Chemist: 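Okay, handing you the structure first.
Naming convention: chains lettered A, B, ... in sequence-line order (proteins, then strands); numbering from 1 in each chain. Note that this is a predicted model, so its numbers are computed, not measured.
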There are 2 protein chains.
Amino acid sequence: MANKPSIPKGTRDFSPAEMAKRNYIFDTIRSAFYMYGFQPIETPSMENLSTLLGKYGEEGDKLLFKVLNSGNFLHGADLPQQGEGATDEMEPARLNRLAAQLCEKGLRYDLTVPFARFVVMHSDELTFPFKRFQMQPVWRADRPQKGRYREFYQCDADIVGTDSLLCETDLVQLLDTVFSKFGIRVCIKINNRKILSGIAEVIGQADKIVEITVAIDKLDKIGIDGVNAELREKGLPEEAVAKLQPIILCSGDNSEKLATIRTFLSGSEVGEKGIEETEFILNSVERLGLANAVEFDLTLARGLNYYTGAIFEVKALDVEIGSISGGGRYDNLTGIFGMPGVSGVGISFGADRIYDVLNQLNLYPSDTTAGTKVLFVNFGSAESSYCLPLVAQLRRAGIATELYPNSAKMKKQMSFANEHRIPYVVIVGETEMTTGKLTLKDMETGEQSLLSIEEITSRLA
Amino acid sequence: MANKPSIPKGTRDFSPAEMAKRNYIFDTIRSAFYMYGFQPIETPSMENLSTLLGKYGEEGDKLLFKVLNSGNFLHGADLPQQGEGATDEMEPARLNRLAAQLCEKGLRYDLTVPFARFVVMHSDELTFPFKRFQMQPVWRADRPQKGRYREFYQCDADIVGTDSLLCETDLVQLLDTVFSKFGIRVCIKINNRKILSGIAEVIGQADKIVEITVAIDKLDKIGIDGVNAELREKGLPEEAVAKLQPIILCSGDNSEKLATIRTFLSGSEVGEKGIEETEFILNSVERLGLANAVEFDLTLARGLNYYTGAIFEVKALDVEIGSISGGGRYDNLTGIFGMPGVSGVGISFGADRIYDVLNQLNLYPSDTTAGTKVLFVNFGSAESSYCLPLVAQLRRAGIATELYPNSAKMKKQMSFANEHRIPYVVIVGETEMTTGKLTLKDMETGEQSLLSIEEITSRLA
């Protein structure tokens with residue numbers, strides 16, 4: 001007898017009940033994408049490794065799943081020779097070189113790089129600005145842990161081929177629309193890479209922008225002294241740290257914070273541009289009156305080596321969890337594939353975290369798991385033969401209907417209906433076959449009615 | 001400048017126009033699955049190689065995409081040593097052994113084996129009979145060619161945990177429902193493994209069942225003499241070949257063919273069971289009056305080493321193409337994973353071939369590519385600012401709406417609307433902002449009307 005089978009760590013099976021919830025999430029996001037004028041595309045699960053390598057940093061390269069070449073995968077591989085040392089002590093660079101010889105394809109790591117590749121490959125067929133959405137799984141060889149999987153879905157919407165700030169305005173509205181539909185109260189945080197660049201410039205530390213934002217981002221956790229200590233540790237001179245204090249302590253509502261920073265950034269061209277962009281977006285969405293708060297947050301610095309303008313992040317207010325959505329503008333998406341000058345802006349929804357939030361807050365609509373609506377009980381061959389055309393009739397009327405396949409005990413068939421949450425059962429025995437009036441049982445109330453198939457159809461359709 | 005990027009051979013990008021058609025196919029099949037009481041599940045793209053290997057025959061094993069282990073993939077690998085010969089001349093068995101050391105995971109090859117694995121792993125949580133559908137990509141390292149891809153979707157529906165023939169009846173109806181919805185005229189072919197076994201038994205050649213059916217399947221191509229020659233070549237004694245003639249030449253309508261075979265099989269227990277099963281299914285669906293013909297076809301022998309009862313296949317009548325759907329009953333789905341006695345029956349829709357058929361016959365509904373319904377023209381910052389709340393209002397009413405992001409030339413914006421087949425354009429200039437009456441242009445007729453946003457909403461909603 002074989003061992004009980006298992007699945008690779010960090011991957012998941014989804015049962016019908018889980019699928020119903022996940023489809024509710026995907027359907028809600030997809031409808032909003034369409035409503036805002038985004039069109040779907042799909043790209044292959046496997047990309048050439050040359051497309052993927054070097055796009056996610058050194059750490060990302062390590063997390064790529066690589067697919068062994070078909071046929072003789074050793075062909076041309078520079079295998080370790082005797083005397084080269086034990087294979088267990090192979091240097092990482094040597095291993096990477098060998099992996100690149102054994103594998104020419106890898107699994108998609110995110111949807112952004114494949115999208116950039118798509119835009120470059122199909123630029124002749126596309127009309128810009130191009131608004132696409134994409135909802136597909138991605139794979140990362142991360143160490144699996146609670147809430148982190150090796151296969152998970154990303155749901156991305158991007159607009160490329162224009163630097164209009166109306167796109168950012170649209171995306172903030174889209175975030176608001178989606179989370180309002182879910183009933184999840186959120187704070188939509190917004191920042192701008194140009195503001196952060198301006199700050200680094202003003203204190204004369206343009207090359208330290210990453211270190212500065214990483215340190216500022218820790219204010220909540222380590223306090224002002226901790227932030228200052230980290231800044232010094234990262235090599236900022238005392239003068240620069242001192243100059244930075246109003247920024248680290250910047251507080252108030254959006255316009256107060258922007259006023260503080262505007263003063264600070266006075267004279268920095270890039271910084272002033274960042275302020276201008278942020279004000280345009282905030283003013284536009286404020287006039288529209290969104291359901292959720294939009295907050296300017298200077299400490300928001302996600303994906304900094306990537307974004308060039310606006311940066312977005314969404315936090316759920318009623319659940320302790322990381323960000324459930326994020327995005328931003330990148331001015332050179334397709335540059336990595338030799339097509340410069342294409343500006344884009346996008347957002348990504350984290351389906352798995354949204355799933356957890358909806359579960360914790362119990363926000364799924366009551367009909368989320370709706371499946372079969374009517375089960376015909378099976379009393380034997382004469383009865384089931386009588387039922388077949390009736391079942392077909394209900395299905396033609398758009399009512400999801402099943403006939404229990406065996407003439408099992410009534411109790412078993414009823415418990416099948418209960419476990420599948422089928423709300424109605426039709427019972428057809430000898431009397432019903434004679435009179436043509438079928439017994440319709442409402443499984444919630446227990447109420448039974450004698451009805452013709454036409455009456456059942458019009459009651460349940 | 002980087003080289004123009006590409007995708008792995010045998011894989012595809014799908015544009016918005018292709019996605020619209022594909023989604024029409026998937027949505028149609030999915031709705032029918034739900035209507036017949038099937039519930040969705042999903043399994044991981046990667047399975048342990050131990051789950052996949054040995055399930056698809058030797059040829060199938062070769063076509064599995066294997067995923068290189070993360071980290072030091074050489075750990076424990078028995079690499080070829082000097083003196084073992086050039087790696088280009090490695091024996092297949094040696095290569096397979098090494099691949100199994102470098103890779104412990106592989107990409108899903110079909111949906112059936114992962115489903116069997118799912119049923120065994122989750123048997124405690126499932127209520128049988130269990131009706132599931134699954135629509136996910138599978139991967140095969142086949143040589144790419146026209147219409148054959150290395151990544152493609154399968155759409156499967158199966159019922160497991162019962163041997164009731166009502167399931168077969170249901171699946172034939174489901175095939176009829178789906179192809180009727182598509183408007184594709186088909187012939188649904190049905191056969192039964194037990195009949196084929198009975199025939200082999202009657203002529204005393206039980207171990208030659210595969211060879212016999214393969215030969216009979218070629219009748220159309222090579223004629224009766226060719227079939228007989230092949231049978232002799234495969235080692236059938238002359239007496240058996242002679243005995244088989246009524247079967248090879250069996251013709252007429254379903255009941256005539258069944259009558260011929262019934263006589264032939266008289267006394268063969270398994271054969272008579274096959275006749276009985278086939279008659280039940282044919283009689284049941286005949287009484288229901290399907291839209292498409294159901295034909296008993298003795299030469300239908302797909303997946304013979306797999307199916308144990310009914311075998312289905314669907315052929316399109318108006319297009320020269322292979323089968324566009326198929327399936328059958330398998331009595332021991334989960335036996336490979338140590339759980340015997342679970343009978344199942346299922347069908348699979350070939351989305352790619354259906355796509356080709358719908359294209360060739362031009363059967364897509366006219367609204368298949370429907371995307372954005374309204375485009376607001378952008379004349380500048382004052383106008384676009386005025387338009388933002390109007391755009392939001394239409395979206396709230398469920399009308400997919402976009403504002404062109406830049407104040408580009410009118411001609412460019414109009415051609416954007418044309419290329420995206422957006423049926424309505426709203427033009428808001430100074431006059432419109434003053435009067436509150438907006439210009440709505442019907443892009444098909446060219447007709448323009450002056451309307452309030454409420455009037456536009458109610459006209460387009």
Side-chain angles (χ1 to χ4, degrees), chain A residues 1-2 5 7-8 11-16 19 34-35 37 39-46 48 51 65-68 70 74-75 79 82 87-88 90 99 103 105 117-118 120-121 127 129 141 151 162 164 166-167 284 288 337-338 371-372 384 388-389 392 395 400 402-403 405-406 416 419, chain B residues 1-2 5 7-8 11 13-16 19 34-35 37 39-46 48 51 65-68 70 72 74-75 79 82 87-88 90 99 103 105 117-118 120-121 127 129 141 151 162 164 166-167 284 288 337-338 371-372 384 388-389 392 395 400 402-403 405-406 416 419:
Chain A
M1 178 146 162
I7 51 176
T11 69
R12 294 166 287 176
D13 281 330
F14 296 107
S15 69
M19 284 298 293
Y34 276 118
M35 206 50 63
Q39 301 298 321
I41 70 161
E42 279 187 11
T43 61
S45 302
M46 292 187 283
N48 291 324
T51 298
F65 280 112
K66 300 175 184 74
V67 177
L68 197 68
S70 310
L74 290 181
H75 179 82
L79 290 178
Q82 277 181 340
T87 54
D88 280 4
M90 193 81 63
C103 306
K105 295 179 289 291
R117 196 263 313 139
F118 178 97
V120 174
M121 262 181 77
T127 315
E151 173 175 41
T162 168
S164 166
L166 289 171
C167 302
S284 299
L288 290 166
F337 297 116
T372 296
S384 63
L388 279 179
R395 286 172 178 165
E402 291 180 69
L403 167 62
N406 304 85
F416 178 91
E419 277 167 47
Chain B
M1 177 143 162
I7 52 177
T11 69
D13 283 329
F14 295 108
S15 70
M19 285 297 294
Y34 276 118
M35 206 50 64
Q39 300 299 320
I41 70 160
E42 281 187 10
T43 61
S45 302
M46 292 187 284
N48 291 324
T51 298
F65 280 113
K66 301 177 184 72
V67 177
L68 197 68
S70 310
N72 187 344
L74 290 181
H75 179 82
L79 291 178
Q82 281 180 337
T87 53
D88 279 4
M90 192 83 62
C103 306
K105 295 180 290 291
R117 196 263 313 140
F118 179 97
V120 174
M121 262 182 77
T127 315
E151 173 176 41
T162 170
S164 165
L166 289 171
C167 302
S284 299
L288 290 166
F337 297 116
T372 297
S384 63
L388 279 179
R395 286 172 179 165
E402 290 181 71
L403 167 62
N406 303 86
F416 177 91
E419 277 167 46

Chemist: Checking heavy atoms, do the side chain of Ile7(A), its backbone, both or neither come under 4.5 Å from chain B?
Modeler: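 Both parts, heavy atoms under 4.5 Å.
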Chemist: Identify which part of Thr43(A) has an atom lying under 4.5 Å from any heavy atom of chain B, answering side chain, backbone, both or neither.
Modeler: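 Interface part for Thr43(A): both.
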Chemist: Heavy atoms only, distances under 4.5 angstrom: which of Gly37(A), Pro44(A), Ser164(A), Ser284(A) has the most pairs with chain B? Name it, please.
Modeler: Pro44(A)
Chemist: So which of Cys167(A), Ser15(A), Pro129(A) has the largest heavy-atom pair count under 4.5 angstrom toward chain B?
Modeler: Pro129(A)
Chemist: Rounded to the nearest 0.5 Å, how far does CG of Leu79(B) lie from CG of Leu79(A)?
Modeler: 5.5 Å
Chemist: Taking every heavy-atom pair that is under 4.5 Å apart, which of Gln39(A), Met121(A), Glu419(A) has the most such pairs with chain B?
Modeler: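 It is Met121(A).
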Chemist: Run the side-chain contact (heavy atoms from CB on, under 4.5 Å) test against Ala400(B) and tell me which residues pass, sequence neighbours left out.
Modeler: Met35(A)
Chemist: For the interface with chain B, which of Val120(A), Leu166(A), Asn48(A) has the highest count of heavy-atom pairs at distances below 4.5 Å?
Modeler: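 Winner by heavy-atom pair count: Asn48(A).
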Chemist: Which answer fits Ser45(B), side chain, backbone, both or neither, if we ask what part of it has an atom under 4.5 Å from a heavy atom of chain A?
Modeler: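 When you check distances to chain A, atoms from both the backbone and side chain of Ser45(B) fall under 4.5 Å.
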Chemist: With chain B, which of Thr11(A), Ile41(A), Asp13(A) has the greatest number of heavy-atom pairs at distances under 4.5 Å?
Modeler: Asp13(A)
Chemist: Top residue by heavy-atom pair count (under 4.5 Å) with chain B, among Arg12(A), Arg117(A), Lys105(A)?
Modeler: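 Most heavy-atom pairs within the cutoff with chain B belong to Arg117(A).
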Chemist: Pick one of side chain, backbone, both or neither for Thr127(B), based on which atoms fall under 4.5 Å of a heavy atom in chain A.
Modeler: both
Chemist: Applying side-chain contact (heavy atoms from CB on, under 4.5 Å), name anything that partners Glu42(A), two or more places apart in sequence or on another chain.
Modeler: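 Expected list: Gln136(A), Phe14(B), Met19(B), Tyr153(B).
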Chemist: What heavy-atom pair brings Cys103(B) and Leu68(A) nearest, and what distance separates the two atoms?
Modeler: SG-CD2, 3.8 Å
Chemist: With a 4.5 angstrom heavy-atom cut-off, which part of Leu388(B) approaches chain A: side chain, backbone, both or neither?
Modeler: both
